[in-house]
There are 2 protein chains.
Amino acid sequence: MERLFQFLKIGINEKIYIKDPESTSLGKRIVEESILLIHEIGFEAFTFKKLGQRIGSNESSIYRYFENKHKLLLYLTSWYWGWLEYKLVFATNSITEPREKLKTALAIVTKEVEVDSNFSHINEVLLSKIVINEYSKSYLTKEVDADNKEGYFVIYKRLVNRLSTMVKEVDPTYKYPSSLASTVLEGSLHQHFLRDHFVSLTDCHEKGDPTEYFTELVFNALNNTPNG
Amino acid sequence: MERLFQFLKIGINEKIYIKDPESTSLGKRIVEESILLIHEIGFEAFTFKKLGQRIGSNESSIYRYFENKHKLLLYLTSWYWGWLEYKLVFATNSITEPREKLKTALAIVTKEVEVDSNFSHINEVLLSKIVINEYSKSYLTKEVDADNKEGYFVIYKRLVNRLSTMVKEVDPTYKYPSSLASTVLEGSLHQHFLRDHFVSLTDCHEKGDPTEYFTELVFNALNNTPNG
DNA sequence: CAAATATAATAGTATTACTATCAAAAAATA
DNA sequence: TATTTTTTGATAGTAATACTATTATATTTG
């Protein structure tokens, strides 16, 4: 799995950046260090000036890669969802039994990211924490529809659709496969957040718990049908 | 129901505001018009200066009511959750049968807000849209834990707990009552958002759909147990 | 080695998110 | 009703943000 990322590149919509950060070493440092800095101080307090100071580069140089910090966030989160998508596809590809396939997919999508692959400049553990804390901000804006039209959310949408398709394969009569898929993806981020900040609002305290909770939830939703 | 709000006041943590906006007519206009303005231009572009211009008042006067726009958002969303809590308590109070009670609660919590009560200066329809678009931003910050300690989220937490308790009353053996309750509340906002902006990620297109989807989801989760 | 390209340094603008001060208006109270 | 207190409005000012523009200096590439 890890070795794949040595030669595979996550395909991100080219309109998200001005200049491909993967194409230069400065670009890679921008991505690498922005993850650390956003994780440290949060997206609101994060600025290109601070990032420049941190990587010993100039604010204006960063602006040549990304139009603004919102685009950088779209880039980082797209990378994350693309990375998860690869993991999901590779892990489920060979499985033919629909229930087994869905179960594997749910595990990948809901479990905590704990090991950094160490093969790229991107720290997936910290990036997953950024996604938990900041992803919603990338679409809860007045520009969502325009951004969506530009294709800035395609990877995420494709991931939801993959999950949705797997749900349908388990139960073609289920009325809400897309809602279930989007609830799991979004809900999983939310449960992870609650575990860290609002302990009383979740029961997912043990390791592996969000996975178990969502797996039960999904299979029970599909259970009580003729094909369940 | 509506008449109650003529003499009932939603009890909001006094630390959220500097001066109670309910105590003066300027305060009420601040609240009333901030809802319209945030709905129009979004929370990011919203400033106290713009609000001042709109209500023919001064920026500095608004700062005497709220420390900053984040506190104003906490105020508005607390009001919303308090309002929903009242609706939920009044509607379920007299119901003794646990399944019926939970079903009623789920309907209240997941259905679209469509009618403005017209008895207060607060437009609940627009406020509910603000909650859908902006609520996450009130807690996805580096200051969550401090804000939580100050009690800025008590009403929301109490609402999740009320739902969670109702879940337990239907099935005391269910392992994830709080997670289920928080998933429903958060997931409902999310499905409403998807319906407006990411149509392909949801199946809730018909009126009443989020309610039906979540009701099925919850009862199926509780179904397959000895007490279900 | 020359030409092209990328980066750094500096400066500058408009807006935001406030704080401070003081005068005027409105409300409370004696 | 006069006076005191409180509230609001007007103006000014500061530091930071979110950029853009220009020019000089490196670095890469052909």
Side-chain angles (χ1 to χ4, degrees), chain A residues 14-34 37-38 40-76 121 134 137-138 141-143 146-147 152, chain B residues 14-34 37-38 40-76 121 134 137-138 141-143 146-147 152:
Chain A
E14 294 187 4
K15 281 181 261 171
I16 286 184
Y17 46 76
I18 296 168
K19 178 176 175 162
D20 185 358
E22 287 295 312
S23 68
T24 67
S25 80
L26 177 61
K28 280 177 201 156
R29 267 195 305 143
I30 289 172
V31 169
E32 178 176 14
E33 294 286 330
S34 70
L37 190 53
I38 292 174
E40 267 174 43
I41 65 176
F43 188 65
E44 272 68 46
F46 171 87
T47 67
F48 281 180
K49 189 167 200 173
K50 288 176 190 167
L51 178 60
Q53 277 156 1
R54 188 178 175 121
I55 64 178
S57 178
N58 203 272
E59 196 188 359
S60 57
S61 302
I62 301 170
Y63 274 106
R64 285 200 198 87
Y65 286 84
F66 295 101
E67 219 180 305
N68 50 49
K69 69 175 182 174
H70 186 247
K71 287 280 175 72
L72 172 59
L73 180 62
L74 286 170
Y75 180 88
L76 295 176
H121 51 292
E134 324 286 1
K137 297 170 193 168
S138 77
T141 67
K142 276 285 161 186
E143 297 81 34
D147 286 357
Y152 297 162
Chain B
E14 293 186 4
K15 281 180 263 173
I16 287 183
Y17 46 75
I18 296 168
K19 178 178 177 162
D20 185 359
E22 287 295 312
S23 69
T24 67
S25 80
L26 176 61
K28 281 177 200 156
R29 266 195 306 144
I30 288 172
V31 169
E32 178 176 15
E33 294 285 331
S34 70
L37 189 52
I38 292 173
E40 267 174 41
I41 66 177
F43 188 65
E44 273 66 46
F46 171 87
T47 67
F48 280 180
K49 188 166 199 172
K50 288 175 190 166
L51 177 61
Q53 277 157 1
R54 189 180 175 118
I55 65 179
S57 177
N58 202 272
E59 198 188 0
S60 56
S61 302
I62 301 170
Y63 275 106
R64 289 199 193 91
Y65 286 85
F66 295 101
E67 220 180 305
N68 50 50
K69 69 175 182 175
H70 185 247
K71 287 281 174 72
L72 172 60
L73 180 62
L74 286 171
Y75 180 89
L76 294 177
H121 51 293
E134 325 285 1
K137 297 170 193 169
S138 76
T141 68
K142 278 283 160 185
E143 298 81 34
D147 285 358
Y152 296 163

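Every chain is numbered from 1 and lettered A, B, ... according to where its sequence line falls, protein lines coming before strand lines.
Heavy atoms of B:K19 sit under 4.0 angstrom from primed sugar atoms or phosphate atoms, though from no base atom.
In this model, a donor atom of one side chain and an acceptor atom of the other lie less than 3.5 Å apart for B:Y65 and B:T24. No side-chain donor from either of B:E33 and B:H121 sits under 3.5 Å from a side-chain acceptor of the other.
The phosphate of D:dA16 (OP1 or OP2) has no side-chain N or O of A:K50 nearer than 4.0 angstrom. Considering only side-chain N and O atoms, B:K69 lies nowhere under 4.0 angstrom from the phosphate OP1 or OP2 of C:dC18.
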Quick test: give all pairs of protein nitrogen or oxygen and nucleotides 27-30 of chain D nitrogen or oxygen below 3.5 Å, distance rounded to 0.1 Å.
none

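Scored by the side-chain contact (heavy atoms from CB on, under 4.5 Å) test, A:D147 finds A:H70, A:L74, A:E143, A:Y152, A:F153 as partners (sequence neighbours excluded).
Contact record, B:G52 with B:I62: N-CD1, 3.5 Å, taken as the closest heavy-atom pair.
Straight-line distance from the CZ atom of A:F46 to the C1' atom of D:dA18: 13 Å, rounded to whole Å.
Side chain of B:K71 to backbone of B:I18: no donor-acceptor contact under 3.5 angstrom is found. Between the A:K50 side chain and the A:A45 main chain, a donor and an acceptor come within less than 3.5 Å of each other. Counting only distance, with no hydrogens or angles, the side chain of A:K142 and the backbone of B:F43 share no donor-acceptor pair below 3.5 Å.
Salt bridge status for B:R54 with B:E40: present, with a side-chain N to carboxylate O gap under 4.0 Å.
Of the residues in residues 55-68 of chain A, those lying under 4.0 Å from DNA chain D by heavy-atom distance are A:E59, A:S60, A:Y63, A:E67, A:N68.
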